[in-house]
Asker: 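The structure that follows is given in the form of structure tokens.
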Amino acid sequence: MSVHLHWFLPTGGDGRTLVDRHAYTDGGVKRSRITPVSGIRAPDIEYLAQVARAADQLGFEGVLTPTGTWCEDAWLTTLALTQHTERLKFLVAFRPGVISPVLAAQMAATYQRISRGRLLLNVVTGGDSTEQKRYGDRLDHDSRYARTAEFLSVVRGVWEGKPFDFEGEHFQVAGGLVALPPEPRPEIFFGGSSPAAGPVAARHADVYLTWGEPPEQVRKKIEWIRSLAEAEGRTVRFGIRLHVIARDSAGEAWTTAERLLADLDEDTVAAAQQALGRSESVGQQRMLALHGGQRDKLEISPNLWAGVGLVRGGAGTALVGSHADVADRIEEYHALGIDHFILSGYPHLEEAYWFGEGVMPELAAHGLLEAQTSPLAGVPAANGRPPSAPGGAPLLLSGGR
């Protein structure tokens with residue numbers, strides 16, 4: 001079975017380091033450093049379009065777009081980018097507690113028609129009370145998951161195209177309706193590692209997402225959600241969120257990882273760990289436990305590096321190695337039941353090409369990905385030259401990069 005590969009859209013800014021990417025909001029936490037840092041790429045539509053077009057042309061199925069006060073709005077940004085891409089899907093992250101479920105269902109239906117069916121939904125319940133309060137949301141952790149379950153019940157109900165009534169603790173809907181339901185129905189991606197999250201995933205998720213933990217921990221998560229879903233009479237597919245550093249050799253890849261680590265001073269790491277430690281997210285706490293805030297022993301499993309999580313919240317691990325190494329690790333996760341791989345790297349434009357040109361052919365050789373066909377395939381040769389050099393252009397040989 002083929003894997004589904006997705007990239008990431010850096011709507012909070014991009015750059016060559018693990019920190020200071022949020023060029024115009026400073027992460028939404030403080031305003032003391034709003035002057036752009038050298039090398040930072042602001043998340044303007046021109047740059048984001050470059051990343052999206054690269055993902056589209058390289059053969060990624062979709063791109064995940066984050067949600068939060070530190071980045072651009074995912075709905076508006078990605079809908080604009082549908083006009084810059086041909087077939088790329090957009091996995092739009094949003095928080096169910098800050099929008100009406102009927103309005104969200106209507107927005108999704110409209111999006112599907114405008115984009116011609118390229119919307120996927122990533123429901124982010126939220127594990128940080130500080131950020132939730134910025135949106136005016138004061139529910140506690142478990143109550144947020146209970147509200148998410150109600151939210152998704154309403155969304156699926158009104159997508160049936162007839163008046164839908166719902167009476168819950170968090171939502172009361174009378175005659176909710178989306179006159180023109182979305183076609184196709186957007187798949188719902190959902191993550192959460194707490195006891196409160198599991199039943200919601202089992203009842204409502206099409207794809208359950210986990211952050212990049214070592215394979216044995218991922219296997220246990222899959223078994224947990226799969227058993228809960230079976231009790232509900234449902235089948236859930238699985239995805240994983242990882243960063244990636246793939247190079248022509250393992251040495252080059254680890255040198256790149258070490259360079260990212262060398263940019264981090266101890267005060268920056270300590271401040272980030274303190275802030276992340278306050279999160280209510282069980283998934284975030286599991287990420288922190290992988291490295292304990294320490295720089296040594298960051299390769300927590302073969303080719304799985306926890307260095308990103310020293311300063312970044314959420315997904316904190318990266319696959320690091322040669323193209324073949326990374327393909328092997330993807331095959332290992334796939335064997336556990338992971339079908340969707342949502343990947344990213346710093347910077348996102350260049351790393352998309354490293355992965356697309358290096359790892360994707362390896363995955364195709366493993367039978368995990370259909371071989372990419374050149375847009376020039378079938379073009380008649382010119383003057384004895386192959387289609388890759390149309391018009392008699394000289395052939396250039398390169399030793400790689």
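Atoms considered below: every heavy atom in the structure, side chains included; atoms not considered: hydrogens, waters and symmetry mates.
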Asker: Checking the side chain of Thr85 only, and the main-chain atoms of Leu88 only, is there a donor and an acceptor separated by less than 3.5 Å?
Answerer: no
Asker: Where do Ser194 and Tyr145 come nearest, in terms of heavy atoms and distance?
Answerer: OG-CE1, 3.9 Å
Asker: Please answer whether the main-chain N or O of Ser322 pairs with a side-chain N or O of Asp325 as donor and acceptor at a distance below 3.5 Å.
Answerer: yes
Asker: Below 3.5 Å, can you tabulate the donor-acceptor pairs from side chains in residues 181-188 to any protein atom, sequence neighbours excluded?
Answerer:
residue: Arg185; atom: NH2; partner: Trp159; partner atom: O; Å: 2.8
residue: Glu187; atom: OE2; partner: Arg237; partner atom: NH2; Å: 2.0

Asker: Side-chain donor-acceptor pair under 3.5 Å between His366 and Glu331, yes or no?
Answerer: yes
Asker: Ion pair present between Glu131 and Arg95, side-chain N to carboxylate O less than 4.0 angstrom?
Answerer: yes
Asker: Quick one about Asp14 and His348 (side-chain donor to acceptor, distance below 3.5 Å, no hydrogens or angles considered), yes or no?
Answerer: yes
Asker: Any sub-3.5 Å donor-acceptor pair from Arg113's side-chain atoms to Leu180's backbone N or O?
Answerer: yes
Asker: Taking Trp7 as the fixed residue, which of Phe60, Tyr353, Phe90 is the one that meets the ring pair (Phe, Tyr, Trp, His ring centres under 6.0 Å) rule?
Answerer: Phe60
Asker: Using only heavy-atom distances, determine whether the side chains of Arg241 and Ser344 contain a donor-acceptor pair under 3.5 Å.
Answerer: yes
Asker: For the backbone of Tyr111 and the side chain of Ser115, can you confirm whether one donor and one acceptor N or O come within less than 3.5 Å of each other?
Answerer: yes
Asker: So, does Asn303 use its side chain to make a donor-acceptor pair with the main chain of Val326 at under 3.5 Å?
Answerer: no
Asker: In the structure I gave you, are the side-chain heavy atoms of Val3 and Asp339 within less than 4.5 Å of one another anywhere?
Answerer: no
Asker: If I compare all heavy atoms of Val102 with all of Val173, which pair ends up nearest, and what's the gap?
Answerer: CG2-CG1, 4.0 Å
Asker: Spell out, as yes or no, whether a donor-acceptor pair under 3.5 Å connects the side chain of Asp142 to the backbone of Ala196.
Answerer: no
Asker: If we ignore angles and hydrogens, is there a donor and acceptor under 3.5 Å between the side chains of Glu252 and Ser249?
Answerer: yes
Asker: Just by distance, do the side chain of His291 and the backbone of Gly307 share a donor-acceptor pair under 3.5 Å?
Answerer: no
Asker: Report the C-alpha separation of Tyr346 and His243 in whole Å, then their side-chain angles, then the decisive distance to 0.1 Å, and conclude whether the ring-ring contact (aromatic ring centres under 6.0 Å, His included) test is met.
Answerer: CA-CA 9 Å; Tyr346 303 104; His243 306 282; 5.6 Å; yes
Asker: I'd like to know whether the aromatic ring centres of Phe341 and His6 sit less than 6.0 Å apart in this structure.
Answerer: no
Asker: Please step through salt bridge (Lys or Arg N to Asp or Glu O under 4.0 Å) for the pair Asp137 and Lys133, ending with a clear verdict.
Answerer: CA-CA 5 Å; Asp137 179 17; Lys133 288 175 182 177; over 6 Å; no
Asker: State whether Glu351 and Arg247 are salt-bridged, where the test is any N-O pair (Lys NZ or Arg NE/NH1/NH2 against Asp/Glu carboxylate O) under 4.0 Å.
Answerer: yes
Asker: Would you sort out whether Asp206 and Arg156 count as a salt bridge (Lys or Arg N to Asp or Glu O under 4.0 Å), showing the intermediate values?
Answerer: CA-CA 12 Å; Asp206 296 306; Arg156 291 194 185 278; 3.5 Å; yes
Asker: Which heavy atom of Pro10 sits nearest to which heavy atom of Tyr47, and what is that distance?
Answerer: CG-CE2, 4.2 Å
Asker: Any donor and acceptor pair, going by atom type alone, linking the side chain of Glu213 with main-chain N or O of Met287 inside 3.5 Å?
Answerer: no
Asker: Between Glu350 and Arg41, is there a side-chain N and carboxylate O pair less than 4.0 Å apart?
Answerer: yes
Asker: Within a 6.0 Å radius of atom CD on Glu61, are there more than 12 heavy atoms belonging to other residues, nucleotides or ligands?
Answerer: yes
Asker: Go through the steps to decide whether Glu223 and Arg219 satisfy the test salt bridge (Lys or Arg N to Asp or Glu O under 4.0 Å), and finish with yes or no.
Answerer: CA-CA 6 Å; Glu223 290 179 351; Arg219 181 188 64 79; 2.5 Å; yes
Asker: Keeping Arg234 on the side-chain end and Ala205 on the backbone end, is there a donor-acceptor pair under 3.5 Å?
Answerer: yes
Asker: Are there over 12 heavy-atom neighbours, none belonging to Glu169, within less than 6.0 Å of that residue's CD?
Answerer: no
Asker: So, the side chain of Thr148 versus the backbone of Arg144: is there a donor-acceptor pair under 3.5 Å, distance only?
Answerer: yes
Asker: Could you tell me if Arg286 sits above the aromatic ring of Trp211, with its cationic atom closer than 6.0 Å to the ring centre and no more than 45 degrees from the axis?
Answerer: no
Asker: Heavy atoms, side chains only, cut-off 4.5 Å: are Asp56 and Arg87 in contact?
Answerer: yes
Asker: With respect to His340, which candidate in Phe189, Phe238, Tyr208 satisfies the ring pair (Phe, Tyr, Trp, His ring centres under 6.0 Å) definition?
Answerer: Phe189
